[in-house]
2 protein chains.
Amino acid sequence: MAANIRASIESGGFGIDGRLPSEERLAEEHGVSRGTIRAALALLRANGVVTSRRGTRRVVLGTARTQSFEELLSFTAWARAHGEDPGARTLRVQRRPASAVERERLQLEPDAEIVEVRRLRLLGRTPVMLERTIYPARIGEAIAGLPAESLSHTAVLDAAGPVFADSEHMIDVVAADEIDAEALGCAVGTGLLREMRRTTDPSGVPLLWSEDRFLPGTVSFTVHNSATVTALARRRAHPEV
Amino acid sequence: MAANIRASIESGGFGIDGRLPSEERLAEEHGVSRGTIRAALALLRANGVVTSRRGTRRVVLGTARTQSFEELLSFTAWARAHGEDPGARTLRVQRRPASAVERERLQLEPDAEIVEVRRLRLLGRTPVMLERTIYPARIGEAIAGLPAESLSHTAVLDAAGPVFADSEHMIDVVAADEIDAEALGCAVGTGLLREMRRTTDPSGVPLLWSEDRFLPGTVSFTVHNSATVTALARRRAHPEV
DNA sequence: TAGTGGTCTAGACCACAAC
DNA sequence: TTGTGGTCTAGACCACTAC
């Protein structure tokens, strides 16, 4: 099975900069066809783990630097996966008619309602990010009744039914407004790292739209890309590397 | 051929939110095997153009939002592709021994030399970004002799031989230092959007390491990702969307 | 139950890199 | 020239969705 092959290659001691065996050889060793090996290698290449080039063996670039889809959706899941202690303080939950901009972001009809949630996110006791999320009312209902200290809204939604399939992220810098400044404890005008994203289900219907504003120096994003394919990861920022 | 199939689907009038024909049907229509169709669809899925889910037809998510590898490497290529007028002013070109950090970034031996280039990048007459790039001396030599107004160093390198295969990007916010402030015409401490990247050749050898600092509001990065794969794009920032 | 995409097989030929 | 990954074929069975 392709997934097993993938794992065996990923943890297999080929080392960084090492050359992998040929596809034919891998197929023999694992008792599968070359097509199966190629499916596994395609995933490794997409995640920046190995190179590929006609005429030469594949080379190991490094271990997987990307994160699961779940980790990119959920601050809680991401923090836990990295040994951090995620926290959340709900500042606002509101059900109301969608504005024109919001309707566009969620592809809603003119009279549609949304649920808006504003939460301060922490690592340990340190404020890190202010999150503003809007859901179509139908989706957001599962969220509206949660206690203010509850952590992963993503997990709640996941259990409620919706299937998260694709996300589109936009990353830039924005000056902190008064709301940001008060919640995050920074000065108005401080440059914050902003990530906006729309997440859709398998048929392309938006499930949520979120704008996260991170204090400088708390988080960075990494992306691997090649001529054919790329991948995204979110990381804690380190002093300098 | 898979590439043709891809193009025909991409420009084929299935519309946004439209369902694609089944793989078998597409194979018939184009006179190829299902495997070929799947190869083409895999690329479209990787770039966020279509969804895929077992049991249901594929759905069109939108037109390609990603850019070519070239556009992600070259500010000049990117700006031109978007109808902008790219400019550059070289502030510094220096050949010197690599520091410890620089050796790590380029995976160099202890006594290695580098070429460092610092350039102000413009769109029209407006300063947008300060770029600090280091190359292994062997690579950087092609750059060192160029006139200060020359635009695309990437194009020069490309013509000189090296093959750019993979890039690893890191995106965060950093406070402008005195050099940034003077070059970009902003205050010291202004939050700048920072992109650092290492670009390697097909065998994993680093060809360059670059740190770009963008004025706020000038550029943003977008990434599409799904459970299996993601993609990166750089865009001019628009007032609000 | 019928239709769909996901996985897999066992071949074939080609384009390119390295020797 | 040899070995490699890239592309393609013509099947097969399975897991899942929608009816």
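A note on names: the letters A, B, ... follow the listed sequences, proteins ahead of strands, and every chain is numbered from 1. The analysis underlying the following values was restricted to heavy atoms, covering all of them including side chains, and did not include hydrogens, waters or symmetry mates.
- The nearest whole Å value for the distance from the CD atom in Glu24(A) to the C1' atom in dG5(D) is 11 Å.
- Base contact: Arg38(B) has a heavy atom under 4.0 Å from a base atom.
- Separating the NE2 atom of His30(A) from the C1' atom of dC8(C) is a distance of 16 Å, rounded to the nearest angstrom.
- Residues Leu41(B) and Glu23(B) meet the side-chain proximity criterion, which asks for heavy atoms closer than 4.5 Å.
- Checked against dA17(C), dA18(D), dC8(C), the side chain of Arg53(B) finds its nearest nucleotide in dA18(D).
- Asn225(B) is listed as a side-chain neighbour of Leu72(A), based on a closest heavy-atom distance under 4.5 Å.
- The closest side-chain donor-acceptor pair between Thr76(A) and Arg121(A) falls under 3.5 angstrom.
- If you measure from atom CG of Leu26(B) to atom P of dT4(C), you get 11 Å, rounded to the nearest angstrom.
- Whole-Å rounding puts the Arg25(A) CZ to dT4(D) P distance at 10 Å.
- Salt bridge Arg96(B)/Glu102(B): present, at least one basic N to carboxylate O contact under 4.0 Å.
- Look at Arg80(A) and Glu84(A) and you find no salt bridge, because none of the NZ, NE, NH1 or NH2 atoms lies under 4.0 Å from a carboxylate O.
- Rounded to an integer number of Å, the gap from CZ of Arg54(B) to P of dG5(C) is 12 Å.
- When rounded to the nearest whole Å, the span between CD1 of Ile37(A) and C1' of dT9(C) equals 13 Å.
- Comparing atom distances between the Thr56(A) side chain and each of dG6(C), dT4(D), dA18(C) picks out dA18(C) as nearest.
- Within 4.0 Å (heavy atoms only), Arg34(A) reaches at least one base atom of the nucleic acid.
- Checking dT9(C), dG6(D), dT7(C) against every side-chain atom of Val32(A), the shortest atom distance belongs to dT9(C).
- Applying the 4.0 Å criterion to OP1 and OP2 of dA2(C), one finds that Arg57(B) has every side-chain N and O outside that range.
- Ranked by how close their nearest DNA chain C nucleotide is to the 5' end, Gly31(A) and Glu23(B) are led by Glu23(B).
- Comparing dT9(C), dT9(D), dG6(D) against the side chain of Ser33(A) picks out dT9(C) as the nearest.
- Straight-line distance from the CD atom of Glu28(B) to the P atom of dG3(C): 13 Å, rounded to whole Å.
- Here the C1' atom of nucleotide dA17(C) and the CZ atom of Arg19(A) are 11 Å apart, to the nearest Å.
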